[in-house]
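Every chain is numbered from 1, with letters handed out A, B, ... down the list of sequences.
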2 protein chains.
Amino acid sequence: MKAAKRKRLEAAGWHVGTSADFLELSDAEQSYIDMKLALGDALKATRATRRLSQTDVAALVASSQSRVAKMEAADASVSLDLLVRTLLTLGVPRRRVARMLGG
Amino acid sequence: MKAAKRKRLEAAGWHVGTSADFLELSDAEQSYIDMKLALGDALKATRATRRLSQTDVAALVASSQSRVAKMEAADASVSLDLLVRTLLTLGVPRRRVARMLGG
DNA sequence: GATCACTATGTCTTTTTTGACATATGGTGG
DNA sequence: CCACCATATGTCAAAAAAGACATAGTGATC
């Protein structure tokens, strides 16, 4: 299995390697997950260019290091909401956030 | 107060007319609310072109009529998540959802 | 190989969001 | 006026997501 697909499934809350590969995601689910992955990557990139640690970001957005880690991993427990609000709080303009979501 | 601003504040969970007009929202909060409003409007528009009732949409996305009404109104109790997932489920392409968010 | 900074993951408790329901409001045709 | 349909609004129990914390993994650098 390709790493990209594995990542997607795991983001959807599935643990690949144990049982589920046949699992089919609807287009809507797929897009939703892709959006989260895109924002997670964007967050990681943004953080990198600013040379901030996850702990730094957590402080800036009033959250915790673990949650930032989960955001970047597009963990199933993080919402689009949290990702979007985090990026906006970091000063990423709305327009740019929107473009990230576009694919 | 202009209707647009009123709508924004109410979406943020504030009941205008009673006390709070001086209330200041950060850029991030403002953008976040604007995004929800944009998606709410988009949902209403999408639904209109397809000539569906809120009840119809509720059935399609496995929710309730009241929640659809709140989505369209960008009620403070609806998340970006729900709006995005609803639009995607209705078949609106990811790219288009993203453009809606851009402003 | 020990220490240190950073990141990942698991598990709690609390808070927020959700769907459901009831009910109110608004419009339309009989 | 009265049914009838669509939409709006309030409340609530249940579900999901949140922040917090502990802890484990990963690399440097010394």
Side-chain angles (χ1 to χ4, degrees), chain A residues 3 6-7 9-18 28-29 32-33 35-37 39-41 43-89, chain B residues 3 6-7 9-18 28-29 32-33 35-37 39-41 43-89:
Chain A
R6 163 182 288 269
K7 200 177 178 192
L9 289 169
E10 287 178 353
W14 296 98
H15 297 274
V16 184
T18 59
E29 289 166 333
Y32 173 70
I33 292 171
M35 283 176 158
K36 292 216 294 191
L37 288 169
L39 293 190
D41 290 349
L43 174 55
K44 188 165 354 199
T46 301
R47 188 169 65 78
T49 57
R50 304 200 189 170
R51 292 175 221 286
L52 297 170
S53 69
Q54 291 181 342
T55 305
D56 293 337
V57 171
L60 288 173
V61 305
S63 182
S64 56
Q65 179 267 324
S66 58
R67 200 123 284 274
V68 174
K70 282 165 199 187
M71 285 189 227
E72 294 186 358
D75 185 278
S77 82
V78 334
S79 67
L80 266 184
D81 264 85
L82 184 62
L83 281 160
V84 168
R85 277 188 283 120
T86 297
L87 287 164
L88 291 175
T89 300
Chain B
R6 164 181 287 269
K7 201 177 176 193
L9 289 170
E10 287 178 352
W14 297 98
H15 298 273
V16 184
T18 59
E29 289 165 333
Y32 173 68
I33 292 171
M35 283 175 160
K36 293 216 292 191
L37 288 169
L39 293 190
D41 290 348
L43 174 55
K44 187 162 357 195
T46 301
R47 188 169 66 77
T49 57
R50 304 199 189 169
R51 293 177 221 286
L52 298 170
S53 69
Q54 291 181 342
T55 305
D56 294 337
V57 171
L60 289 172
V61 305
S63 182
S64 56
Q65 178 267 325
S66 58
R67 200 123 284 276
V68 174
K70 282 164 200 191
M71 284 188 227
E72 294 185 356
D75 185 279
S77 82
V78 334
S79 67
L80 220 49
D81 252 86
L82 184 62
L83 281 160
V84 168
R85 279 188 282 118
T86 298
L87 287 164
L88 292 174
T89 301

Peer 1: Nucleotides 22-30 of chain C: which of its N/O atoms have a protein N/O under 3.5 Å away?
Peer 2:
none

Peer 1: Quick one: A:Asp75 CG to C:dT11 P, roughly how many Å, whole number?
Peer 2: 13 Å
Peer 1: Report the distance from atom CG of A:Leu87 to atom CE of A:Met71, rounding to the nearest 0.5 Å.
Peer 2: 9.0 Å
Peer 1: Distance check, rounded to the nearest 0.5 Å: B:Leu60 atom CG versus B:Thr89 atom OG1?
Peer 2: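 B:Leu60 atom CG to B:Thr89 atom OG1 measures 9.0 Å (nearest 0.5 Å).
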Peer 1: Drop me the distance from A:Asp81's CG to B:Asp81's CG, to the nearest 0.5 angstrom.
Peer 2: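 It is 5.0 Å, given to the nearest 0.5 Å.
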Peer 1: B:Lys70 NZ to C:dT18 P: how many Å, rounded?
Peer 2: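 Atom NZ in B:Lys70 sits about 11 Å away from atom P in C:dT18.
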Peer 1: Please walk me through it: do B:Glu72 and B:Val68 pass side-chain contact (heavy atoms from CB on, under 4.5 Å)?
Peer 2: CA-CA 6 Å; B:Glu72 294 185 356; B:Val68 174; 4.1 Å; yes
Peer 1: Whole angstroms only, please: what is the CD-C1' distance between A:Glu10 and C:dT9?
Peer 2: 12 Å
Peer 1: Find the distance A:Asp81:CG to C:dT16:C1' and express it as a whole number of Å.
Peer 2: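 Those two atoms, CG and C1', are 10 Å apart.
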Peer 1: Return the 5'-most residue of the pair B:Asp56, A:Leu80 with respect to DNA chain D, ranking by each residue's nearest nucleotide.
Peer 2: B:Asp56
Peer 1: Taking any atom closer than 4.0 angstrom to a non-hydrogen atom of chain A, what span of DNA chain D does the protein reach, first nucleotide to last?
Peer 2: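 It runs D:dA17 to D:dC21.
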Peer 1: What integer distance in Å separates A:Leu82:CG from C:dT15:P?
Peer 2: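 Spelled out: CG on A:Leu82 to P on C:dT15 is 17 Å.
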Peer 1: Could you check how far CZ of B:Arg67 sits from P of C:dT16, rounded to whole Å?
Peer 2: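 Rounding to the nearest Å, CZ of B:Arg67 and P of C:dT16 are 15 Å apart.
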Peer 1: Under 4.0 Å between any heavy atoms, over every strand shown, what does B:Ser64 touch: base, sugar-phosphate, or nothing? Just pick one.
Peer 2: base
Peer 1: Tell me: CG of A:Leu43 to P of C:dA8, nearest whole Å?
Peer 2: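 Rounded to whole Å, this separation is 11 Å.
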Peer 1: Residues two or more places apart in sequence or in another chain: which of them pass side-chain contact (heavy atoms from CB on, under 4.5 Å) with A:Asp56?
Peer 2: A:Leu52, A:Ser53
Peer 1: Using a 4.0 Å heavy-atom cut-off across all strands, classify B:Ala73 as base, sugar-phosphate, or nothing.
Peer 2: nothing
Peer 1: Could you check whether A:Ala62 gets within reach of a base, just the sugar-phosphate, or nothing at all, counting any heavy atom under 4.0 Å?
Peer 2: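 Sugar-phosphate only.
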Peer 1: Please work out if B:Val68 contacts a base, only the sugar-phosphate, or nothing of the nucleic acid, heavy-atom cut-off 4.0 Å.
Peer 2: nothing
Peer 1: Walk me through it: do B:Leu83 and B:Lys36 pass the test side-chain contact (heavy atoms from CB on, under 4.5 Å)?
Peer 2: CA-CA 8 Å; B:Leu83 281 160; B:Lys36 293 216 292 191; 4.2 Å; yes
Peer 1: Keeping B:Lys70 on the side-chain end and B:Val78 on the backbone end, is there a donor-acceptor pair under 3.5 Å?
Peer 2: no
Peer 1: B:Arg67 vs B:Val61, test: side-chain contact (heavy atoms from CB on, under 4.5 Å). Steps then yes/no.
Peer 2: CA-CA 11 Å; B:Arg67 200 123 284 276; B:Val61 305; over 6 Å; no
Peer 1: Within this structure, what is the CG-OG1 distance for the pair A:Asp41 and A:Thr46, rounded to the nearest 0.5 Å?
Peer 2: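 A:Asp41 CG to A:Thr46 OG1: 10.5 Å, rounded to 0.5 Å.
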